[in-house]
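All values below come from the heavy atoms of this structure, side chains included, with hydrogens, waters and symmetry mates left out. In what follows, chains carry the letters A, B, and so on, assigned in the order in which the sequence lines appear, proteins first and then strands, with residues in each chain numbered from 1.
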Amino acid sequence: MAVSYNHKEIEQKWRKNWEKNPVNVDDGKKPKYYCLDMFPYPSGNGLHVGHWRGYVISDVWSRYKMLNGYYLIHPMGWDAFGLPAENYAIKMGVHPKKSTAENVSNIKKQINEISAIYDWDMEVNTTDPEFYKWTQWIFVKMFKAGLAYEKQMPINWCPSCKTGLANEEVVNGCCERCGAQVTKKDLKQWMLKITKYADRLLEDLDKLEWPEKVKKMQTDWIGRSYGAEVEFRVDGKDESITVYTTRPDTLYGATFMVLAPEHEMAKFLATPEKLAEVENYIYKASMKSSVDRLQDKEKTGVFTGSYAINPLNNEKVPIWLSDYVLADYGTGAIMCVPAHDDRDFEFAKKFDIPIIQVIAKDGKEIENMTEAYTDASGTMINSGDWNGMESAVLKKEAPIMIEKMGFGRKTVNYKLRDWVFSRQRYWGEPIPIVHCEKCGAVPVPEEELPLLLPEVDSYQPTGTGESPLADIEDWVNTTCPCCGAPAKRETNTMPQWAGSSWYFLRYVDSKNSDELVSKEKASKYLPVDMYIGGVEHAVLHLLYSRFYTKFLHDIGVVEFDEPFTKLFNQGMVCGRDKETGAATKMSKSLGNIVSPDDIVRDYGCDSLRLYELFIGPPELDSIWDDRGIDGIYRFINRFWKLAMDNKDKDIKPTEETERIRHKLIMDITKRLEAFSLNTVVSGFMEYNNKMYEIANKQGGIDRELIETMTILLAPFTPHAASEIWEQYGHEGSIFNEGWPKYDESKTVENSVELAVQINGKTKGTIKVSVDAAKDDVIAAAKDSIADKLTGNVIKEIYVPGRIVNIVMK
RNA sequence: GCCGGUGUGGCGGAAUUGGCAGACGCACAUGACUCAAAAUCAUGCGGAGCAAUCCGUGCCGGUUCGAGUCCGGCCACCGGCACCA
């Protein structure tokens, strides 16, 4: 009688064993492989099967690399500062420090349940002073490099989280975290000059092996465009207004100009009789939230009463204000060419402004224009000296011509804005700056870092635009590090993204108190080879991390300037809506969360690991179905039984089983390399079924084949594989065996089955030897369907190994 | 509106990239074992038809000996961006 597979006992045994005898050891000779998971924030809800999908994928990939002879960097840590952790703490009425520590220990316990091969010696926690010392250090370095600066400006404000937000944190006008509608608030803020890196952030995307989707999202977010700034004199005044345009070729068609209501010249341009109307419009615009402004598709505007002079033809063009022009992009002012821009066209129609076509469509001027002609293709018309030129050519040359004529210049613009870095919240790294009346903003000396987050009684956000830290007088009041005079500390904290922008560097040298990371360890273990996580960070964490890494490269901390060579985004695991059956995101409020704990208890961690992969292609979202795991459990049991039944039989490999063995290795390896993890699992099942067939036929199966299959399974079901390995009499860890090699020439069968078709429709099959001559194959094929060959054969097609097709009339 | 992605049985999904559509698994059905059930094993399982056969990969058309796969035109759903001049 075979011993039945007892997952509980086996998994416990091996987990203990691995603790005592780690297999992933740096012997100084092995090449390194750094496989990283996006670290979680320790929320109180714990993990569900969706979180585990990413962790299983990375663990399987890591163990596969380990079997291929790499020393693995596979760490885990905690993104514990920031809004999620703090909001949770406030909701539960406990101090974030305490709740965070509790949640960390819970989730760590849960993570250990999948037996992921994390190196806990490397563990980091962003709220640990020894960690955030370096988060602050980077800020000081940025300040010294002129990349961190203070600015008073209206910023995105979440009224629910009671803090300012970065552009990246506003999704459809709502807070990325809590979903509340974002408003504007005028605040003095610390900003990081990420825009200085815009070109490098854009261009270096080319060197990354990242999903095209993510690269595209970053490209769009950076939003580089080429164009020109053009100066328009204001009629009758000694002033000029500069506009930004990507279509300088259409300058002759500019019939009006629009300024953002927030433009500094807006009020100044209003003529006395227009002043009241203009002030009213500016006031109304300032009251609109960004959401309203997005949703009001109908154009509004007000004429200032002033005119600008088109520098090319000296025509007077009216200057309007409208909220469809954004104050913080370009120059906050645009020239409007209604004939060739949809928005300008709509505006001109509404306010009855002349429309002058300057690019011919199909060689002609359009009669009764009903929509703007926005293609930059056609010949210039109504354009003075430029008439007859091709617009596409002119588009490129106009900026240079304008520059020569002295009223403008060639420019580049970006959608990317500088990063609003201050948060008016308690649970974050204090910004290490002291404000001195004489010396201004002075950084805390590097040797005094970390600047500890003080203990407070009330850590609730104030909502006033002040951080809760502002109330702690003995902390706020200090002396200037520069001149020693009384001074005040900066009371805002850093955003959650601060720690996560560089944590991956710290893992490899997490206990270093002198350096962020030592040169030696950085060059030995970094950068990250494979980064695995959800796609939701495409323009947040992933953009910020690239920026930080480039900065740290520039100041000589690391040698590379891109943090993550490869990126893999796993799909979400969805629950099913109980009524509609539709796939929905797993969430507590929908009550469709599947906890991994019960599954581990009933089926074992090996089963759960395998099922997380089997559920569907790893990069796509998939739907969790509890029943599906039965099939996985049956598979592991069946293979277990096969292995045990044949352990002591002395069956010799045959030509057939050797061929199957090589093919097995080849199939699994190729699918694994292609990251097709769901078909790796189905492949295991197929081969398991095949082995049963052969065992039934020849009374057993050789241990060669069983052992090969066991090693291949090791990254997937490490416990069961280790136990089988031991039962087969091996002493060392299965993970020291090396990934099995295959010989492709040994995988080919000497006879193949071909489909026989008539006019492309399959009528039957024949078996022929692989090296059979074409004529013989066709003859055999015809023979097999002789009764169906009723017409004139006009063509015979033979694709070796695949089909024979007889074309008949 | 623009840019991506997806569409294949009752369900999750395969298909070596133009070559036997539905691998593998779930669910279901029948049988074996059992007093019985569970577990396990065996068989079946896209639709229509007694059958031969016909139809079938979101829809319409094309290329080809042959199309889930390529081309043209649509439709639906899911993401991302969205007055960026």
Nearest whole angstrom, please: distance from the C1' of B:C28 to the CG of A:Asp630. 14 Å
Mind checking whether A:Phe303 and A:Phe351 have ring centres under 6.0 Å apart? no
Nearest nucleotide by nearest heavy atom, which residue falls closer to the 5' end of RNA chain B, A:Asn759 or A:Ile632? A:Ile632
What integer number of Å spans the P atoms of B:U64 and B:G9? 29 Å
Is any NZ, NE, NH1 or NH2 atom of the basic residue among A:Glu796 and A:Lys774 found under 4.0 Å from an Asp or Glu carboxylate oxygen of the other? no
Determine the interatomic distance between C1' on B:G22 and the same-named atom on B:G56; round to the nearest Å. 11 Å
Just the rounded figure in Å: distance from C1' of B:U40 to NZ of A:Lys641. 9 Å
Strictly under 6.0 Å, is that where the ring centroids of A:Tyr603 and A:Tyr611 end up? no
Distance, C1' atom - from B:G7 to B:C74, rounded to whole angstrom: 14 Å
Could you tell me the Watson-Crick or G-U partner of B:A82, where both distances fall under 3.5 Å? Say none if there is no partner. none
For nucleotides 42-50 of chain B, 5' to 3', base contacts (B), sugar-phosphate-only contacts (S) and non-contacts (-) with protein non-hydrogen atoms under 4.0 Å give ---------
Can you tell me, in whole Å, how much space there is between the C1' of B:A14 and that of B:G68? 12 Å
Assigned chi class of B:U43 under the 90° convention is anti
Considering non-hydrogen atoms only, spot the tightest contact between A:Val539 and A:Glu168 and give its length. O-CG, 3.4 Å
What one-letter contact string describes nucleotides 5-17 of chain B from 5' to 3', where B marks a base within less than 4.0 Å of any protein heavy atom, S marks contact via sugar-phosphate atoms alone, and - marks no contact? ------SBSS-B-
What is the distance, to the nearest angstrom, from the CD atom on A:Glu298 to the C1' atom on B:G1? 16 Å
Does any N or O in the side chain of A:Ser322 come within less than 3.5 Å of the main-chain N or O of A:Thr300, such that one atom is a donor and the other an acceptor? yes
Should A:Lys763 be listed as having a side-chain N or O under 4.0 Å from OP1 or OP2 of B:A52? no
At under 4.0 Å between heavy atoms, what does A:Gln757 touch on the DNA or RNA strands: base, sugar-phosphate, or nothing? base
Can we say A:Asp598 and A:Arg601 salt-bridge, meaning some charged N sits less than 4.0 Å from an Asp/Glu carboxylate O? yes
Just call it for A:Glu212: base, sugar-phosphate, or nothing, with non-hydrogen atoms closer than 4.0 Å on any strand. nothing
The side chain of A:Tyr329 is closest to which nucleotide in this list: B:C81, B:A85, B:G25? B:A85
Is the closest side-chain heavy-atom distance between A:Cys175 and A:Val170 below 4.5 Å? no
Let me know the distance between CD1 of A:Ile794 and P of B:U64, rounded to the nearest Å. 13 Å
Applying a 4.0 Å non-hydrogen cut-off, can you work out what A:Asp328 is touching in the nucleic acid: base, sugar-phosphate, or nothing? nothing
So does A:Asn689 get a side-chain nitrogen or oxygen closer than 4.0 Å to the phosphate oxygens (OP1/OP2) of B:A23? no
Looking only at side-chain atoms of A:Thr246, point me to the closest of B:C24, B:C20, B:A85. B:A85
Can you tell me the Watson-Crick or wobble partner of B:U53, both distances under 3.5 angstrom? B:A48
Ranking B:C65, B:C24, B:A82 by distance to the side chain of A:Lys795, first place goes to B:C65
Mate of B:A23 where both pairing distances stay under 3.5 Å, Watson-Crick or G-U: none
Any salt bridge linking A:Arg409 with A:Glu229? Criterion: basic side-chain nitrogen under 4.0 Å from a carboxylate oxygen. yes
Nearest-nucleotide wise, let me know which of A:Arg671 and A:Ile629 is further upstream toward the 5' end of RNA chain B. A:Arg671
Counting any heavy atom closer than 4.0 Å, what does A:Lys216 reach on the DNA or RNA strands: base, sugar-phosphate only, or nothing? sugar-phosphate
A:Lys670 near the nucleic acid: base, sugar-phosphate alone, or nothing, with a heavy-atom cut-off under 4.0 Å? nothing
Just to be sure I understand the rule, does A:Asn805 reach a base, reach only the sugar-phosphate, or reach nothing, if contact means heavy atoms closer than 4.0 Å? base
Report the distance from atom NZ of A:Lys299 to atom P of B:C83, rounded to the nearest whole Å. 9 Å
Assigned glycosidic conformation for B:G9 [threshold 90° from 0]: syn
Is there a Watson-Crick or G-U wobble partner for B:G7 with both distances under 3.5 Å, and if so, which one is it? B:C75
What integer number of Å spans the P atoms of B:G73 and B:C78? 24 Å
B:G58 to B:A15 separation - P atoms, rounded to the nearest Å: 16 Å
Less than 4.0 Å between a side-chain N and a carboxylate O, is that true for A:Arg417 and A:Asp328? yes
Is there a Watson-Crick or G-U wobble partner for B:C70 with both distances under 3.5 Å, and which nucleotide is it? B:G62
Give the ring-plane orientation class for A:Phe684 versus A:Phe635, where under 30° counts as parallel, over 60° as perpendicular and anything between as tilted. parallel
Between B:G44 and B:C24, how far is it from one P atom to the other, in whole Å? 11 Å
Of the nucleotides B:G19, B:A27, B:A85, which has the atom closest to the A:Ile797 side chain? B:G19
Looking only at the side chain of A:Thr765 (C-beta and beyond, no hydrogens), which of the listed nucleotides B:C20, B:C55, B:G79 gets closest? B:C20
Roughly how far apart, to the nearest Å, are B:A82 and B:C77 at atom P? 23 Å
Let's test your reading of the model: under 3.5 Å, does the base of B:C83 pair with the side chain of A:Glu346 as donor and acceptor? no
Interatomic distance, A:Trp624 CH2 vs B:A27 C1' [rounded to whole Å]: 17 Å
Could you check how far CE of A:Met217 sits from P of B:G80, rounded to whole Å? 7 Å
Taking the six-membered ring of A:Tyr692, is the NZ or CZ of A:Arg638 close enough (under 6.0 Å from the centre) and on axis enough (within 45°)? yes
Round to a whole Å and report the spacing from NZ of A:Lys415 to P of B:C2. 15 Å
Is any side-chain N of the basic residue among A:Lys299 and A:Glu346 closer than 4.0 Å to the acidic one's carboxylate O? yes
Pi-cation contact, A:Tyr281 with A:Lys284 (under 6.0 Å, within 45°): no
